[in-house]
Amino acid sequence: MRRWVASVAVLALAGTTARATAQDPARVLERVVAVVGDDPILLTELRKHARPYVEVWKESHPEAGSADEGDIYKEILQLMIDTRFIEEEAARSGIKVTLAEIAERIRTTAQRHSLTVPEYLAAARKGGWTDNDLREEVRREVLEQKVLALRVVPRIPNYEALSEDVRKERMQTERRKWLDEVEVDTYVDVRL
Amino acid sequence: MRRALFFAIAVSALGCGSKTPAAKPAFEQPPSAAGTCARATIKSGLTSDSIARIDVAGNFRVSRETMCSALQTHVGAPPDEATLARDVHALWRMKRFDDIEVHSKVDDDGLVVRVLVRERPVVRTFTITGAASMDADAARAFFGKEGEPIDFPALKAGMKGLRVQYGKLGFKAAQVAFEVVPLPGNVVDVAVTVKEGAKS
């Protein structure tokens with residue numbers, strides 16, 4: 001899921017979510033776009049999270065309208081909400097991601113694209129990622145994989161015997177179910 | 001897509017004693033406490049992208065001074081994204097607001113930053129019905145208090161706490177729902193309903 005978003009890239013949510021009128025040309029600089037438990041997610045946080053994906057998405061969807069962009073922003077926001085629950089579960093379960101694991105994931109990803117690590121990082125920078133943002137995204141990806149291996153894989157009977165396609169499909173379905181169960185006792189308010 | 005104030009959640013829970021409070025008058029909404037936090041005194045040094053004035057609006061029960069003291073954004077410099085985000089988080093941590101927006105616009109003073117809040121409604125009455133197997137005060141302790149701003153995360157956490165407590169007592173099939181009824185004056189009544197299941 002995260003990988004899908006990463007490859008598709010994001011929207012450029014209301015770069016100016018301006019709610020302007022003729023009389024009141026006010027521009028929104030900041031606002032709450034979601035609340036998860038006690039914590040708000042802010043517009044600028046969503047934009048920052050989405051930014052690395054925007055250019056790629058715009059390049060690959062030059063014909064897309066603002067409604068499509070809005071949909072992608074909603075999807076990114078849902079991912080941010082999911083991430084909060086995954087981070088909480090990781091903390092509860094003592095799951096961590098080491099710097100070595102992040103480096104290894106970057107190395108294997110670069111290799112998959114027939115690139116050296118410096119070449120891969122350069123390509124990512126060109127795509128709008130800072131090195132820190134990329135490493136943070138990779139950390140989240142590895143963390144999610146670990147949490148899902150612990151909490152979701154055991155819910156799928158005969159996981160190891162399934163074909164790759166079926167595994168992916170079942171993982172996606174069970175991931176959503178598990179997150180919905182985890183979220184049920186938490187206040188979540190999406191305001192996009 | 002804002003979630004409605006009316007909220008109902010089924011939760012596994014056990015009973016608690018019911019309580020019907022005496023009728024209470026609606027709280028009066030105090031007058032607006034909106035105002036200006038800061039205004040640049042020397043305008044000649046201001047560039048067009050520098051903040052000339054900072055206003056707060058939408059606050060009634062929270063004073064202008066309280067709001068202004070939470071803000072690190074200041075006049076004389078352009079709006080800074082990271083500082084504004086910190087300001088919003090600082091206001092949010094007060095647990096007095098359920099929405100916060102920061103706008104900018106230009107008027108006769110120059111660039112104005114306006115912090116617009118929506119205050120959380122105050123809980124006028126809090127009732128629990130249908131919970132016969134638990135002391136009412138013990139059940140109420142899981143939730144917020146009357147006379148305080150409503151706290152949805154705490155309400156949901158309270159329901160979970162209640163469910164865990166009921167589970168310990170052997171009630172597996174009980175259900176809990178709560179409803180928030182908005183009233184004039186930015187107050188609400190909160191009603192928690194418990195449907196006790198059989199004790200296993």
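Heavy atoms only: backbone and side chains are in, while hydrogens, waters and symmetry mates are out. Note on naming: letters A, B, ... go to the chains in the order of the sequence lines (proteins, then strands), and numbering restarts at 1 for each one.
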Counting heavy-atom pairs under 4.5 Å to chain A, which of B:A157, B:A154, B:A85 comes out on top?
-> B:A85
Given B:D87, B:L84, B:V102, the one with more heavy-atom pairs under 4.5 angstrom with chain A than any other is B:V102
With rounding to the nearest 0.5 Å, note down the distance linking [atom1] in [X] to [atom2] in [Y].
X      : Y      : atom1 : atom2 : result
A:T186 : B:K156 : OG1   : NZ    : 7.0 Å
A:E30  : B:L116 : CD    : CG    : 13.5 Å
B:D80  : A:L29  : CG    : CG    : 11.0 Å

Taking all non-hydrogen atoms of both residues, which atom of A:G37 and which atom of B:P153 are closest, and how far apart?
-> O-CG, 3.0 Å
Verify same cluster id: [X], [Y] (apolar side-chain graph, 4.5 Å):
X      : Y      : result
A:Y187 : B:F97  : yes
A:M171 : A:F85  : yes
B:V112 : B:M67  : no
B:F60  : B:I100 : no
A:L148 : A:V142 : yes

Please flag which part of A:V35 lies under 4.5 Å from any non-hydrogen atom of chain B: side chain, backbone, both or neither.
-> side chain
Option passing side-chain contact (heavy atoms from CB on, under 4.5 Å) with B:W92 (candidates A:L42, A:D39, A:V32) = A:V32
Cationic N near anionic O, under 4.0 Å, A:R191 to B:D99 | yes
Excluding sequence neighbours, so at least two apart, what forms side chain to side chain donor-acceptor pair (under 3.5 Å) with B:D49?
-> B:T47
Under the side chain to side chain donor-acceptor pair (under 3.5 Å) test, residues paired with A:R107 that sit two or more places apart | A:E104
Run the numbers on A:D185 and B:R163 for side chain to side chain contact (heavy atoms under 4.5 Å, CB included), then give the verdict.
-> CA-CA 10 Å; A:D185 288 318; B:R163 182 182 60 193; 2.2 Å; yes
B:D107, part contacting chain A, at a heavy-atom distance under 4.5 Å =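 B:D107 has no heavy atom closer than 4.5 Å to chain A.
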Begin with the C-alpha distance, continue with both residues' side-chain angles, and end with the deciding distance and a verdict on salt bridge (Lys or Arg N to Asp or Glu O under 4.0 Å) for B:R93 and A:D38.
-> CA-CA 8 Å; B:R93 281 195 295 273; A:D38 283 325; over 6 Å; no
